[in-house]
Amino acid sequence: MKAFLDFLASPAGIAVYCLVAVAIVVFFFSVNYRFFAKRALDVIFGALLAAVTSPVLGVCAAVCRYRAGRVFDYIVIAGRDGEPVKARVFCAGGGLGKRISRLPLLLSVVTGGLSFIGPALLTYTESVLVPEEYSARFGVRPGLLAAASESFDSQPEYPELFAADCRYPERYSLWRDVRTLFLRLFRALRGEGWRLEPGGYIASLQTSGKLNEEELVEAEQLSREEQLEYRRRKIRVV
């Protein structure tokens, strides 16, 4: 026993102990990823990233305030089970790049509306236009990084994207999400890959002639009615 304790006190013993501890923690999160670990990791890393990028967030907020007179715009994203998620982005009048303007979405990851990895983000109006056959994609929280990105080298057509999104709720795991994250980082460093922005699906439907202005107005009206109904149900539950 004394020899074992002496080994643990040595640099090699400490290294082995740390490796074993890390392995246990990783195994614990992997086994419980579908129950609560994915949400816990979103909160932990979302808060850390928000803290690390707080100087950038502060500068961007000051720039938007100076140029546009306000800091944030709001977009409504279709969340898990179709729940409307009101998310902050830096205001368009601030003149920031599209990626920088969406840094405040980290706050929605921390508060639970979004996840780091998941189906591609869609605005609530876009979700109204998604065919019923792809409704399974709304079974989990949408992600800042589209999980389907690992399946495509270039931007796919939306039916292909939605089909890949539908597979995510059945297959996601800690290892798949980690693989997606590192693959996206690797491709970003090489200047490759693609990124979908909220609003793109409507533009795609209009360009292909599958959506006219009258139908878009109807979809926007339906989106507002569904959001209002959701707020009413939430108030009744409370």
Side-chain angles (χ1 to χ4, degrees), residues 14-61 71-72 74-90 96-122 137-151 164-165 167-189 193 195-198 234:
I14 293 173
V16 171
Y17 175 82
C18 291
L19 287 174
V20 171
V22 169
I24 292 173
V25 170
V26 171
F27 177 76
F28 174 79
F29 276 101
S30 177
V31 170
N32 294 285
Y33 198 64
R34 285 180 167 268
F35 298 101
F36 65 86
K38 179 177 174 67
R39 176 71 191 116
L41 291 174
D42 281 339
V43 172
I44 293 170
F45 287 103
L48 286 175
L49 281 177
V52 169
T53 60
S54 58
V56 177
L57 291 170
V59 170
C60 292
V71 175
F72 297 116
Y74 293 89
I75 57 175
V76 181
I77 296 171
R80 181 177 183 177
D81 298 326
E83 175 185 352
V85 177
K86 189 176 182 180
R88 293 182 179 89
V89 294
F90 287 124
L96 304 175
K98 289 183 178 180
R99 296 190 178 186
I100 294 295
S101 68
R102 284 173 168 73
L103 274 178
L105 290 178
L106 283 172
L107 301 177
S108 295
V109 173
V110 175
T111 57
L114 307 179
S115 183
F116 275 113
I117 309 291
L121 296 181
L122 292 177
R137 71 178 307 281
F138 298 107
V140 294
R141 294 179 181 88
L144 299 185
L145 295 179
S149 60
E150 69 171 2
S151 303
D165 282 344
R167 294 190 290 270
Y168 180 77
E170 300 177 356
R171 300 180 179 182
Y172 76 89
S173 67
L174 174 62
W175 307 113
R176 283 181 178 271
D177 282 0
V178 169
R179 183 179 65 186
T180 298
L181 176 61
F182 280 98
L183 181 61
R184 284 296 301 271
L185 289 175
F186 176 73
R187 288 179 174 174
L189 290 174
R195 180 183 178 88
L196 289 171
E197 299 291 347
K234 192 171 183 179

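Just so you know, these numbers come straight off a predicted model, no measurement behind them.
Side-chain atoms of P142 and L122, non-hydrogen and from C-beta on, never get closer than 4.5 Å to each other. The closest side-chain heavy-atom distance from L106 to L144 is below 4.5 Å. You'll find the side chain of R88 stays beyond 4.5 Å of the side chain of S108, heavy atoms only. Counting only heavy atoms from C-beta outward, the side chains of I100 and C60 approach each other to under 4.5 Å.
I77 contributes atom CD1, which lies 5.0 Å from atom CG of L114 (distance to the nearest 0.5 angstrom). Atom-to-atom distance recorded for L174:CG and S30:OG is 5.0 Å, nearest 0.5 angstrom. Taken from OG in S54 to CG in L49, the straight-line distance is 11.0 Å, to the nearest 0.5 Å. F27 CZ to N32 CG: the interatomic distance, rounded to the nearest 0.5 Å, is 9.0 Å. Within the model, atoms CG of L121 and CZ of R102 stand 8.5 Å from one another, a figure rounded to the nearest 0.5 Å.
Heavy-atom minimum distance, R137 versus P119: O-CG, 3.3 Å. The two atoms that bring S101 and P104 nearest to each other are O-CD, 3.4 Å, heavy atoms only. Minimum interatomic distance between V85 and G79 (heavy atoms only, all atoms of both residues): CG2-CA, 3.9 Å. Shortest non-hydrogen contact noted between P84 and V76 is CB-CG1, 3.7 Å. The shortest heavy-atom contact between A40 and F29 is CB-CE2, 4.5 Å. The two residues D165 and A148 make their nearest non-hydrogen contact at OD1-CB, 3.9 Å.
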**Report entry** From CA spacing to verdict: side chain to side chain contact (heavy atoms under 4.5 Å, CB included), I117, R176
**Finding:** CA-CA 10 Å; I117 309 291; R176 283 181 178 271; over 6 Å; no

Requested in this report: List the steps and the verdict of side chain to side chain contact (heavy atoms under 4.5 Å, CB included) for V109 and F116.
Outcome: CA-CA 7 Å; V109 173; F116 275 113; 3.9 Å; yes

Requested in this report: Might you work through the side chain to side chain contact (heavy atoms under 4.5 Å, CB included) test for Y172 and Y33, ending with a clear yes or no?
Outcome: CA-CA 9 Å; Y172 76 89; Y33 198 64; 3.8 Å; yes

Requested in this report: Test ring-ring contact (aromatic ring centres under 6.0 Å, His included) on F90 and F72 and set out the steps.
Outcome: CA-CA 5 Å; F90 287 124; F72 297 116; 5.7 Å; yes

Query raised in the report: Should D177 and Y168 be marked as a side chain to side chain contact (heavy atoms under 4.5 Å, CB included) after you check the CA-CA gap, both sets of side-chain angles, and the distance that decides it?
Result: CA-CA 10 Å; D177 282 0; Y168 180 77; 3.0 Å; yes

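A donor-acceptor pair under 3.5 Å is formed between the side chain of T111 and the backbone N or O of L107.
The number of heavy-atom neighbours closer than 6.0 Å to CZ of F35, taken from other residues, nucleotides and ligands shown, is 12 or below.
Considering only residues two or more places apart in sequence or on other chains, R39 meets the side chain to side chain contact (heavy atoms under 4.5 Å, CB included) condition with D42, V43, R141.
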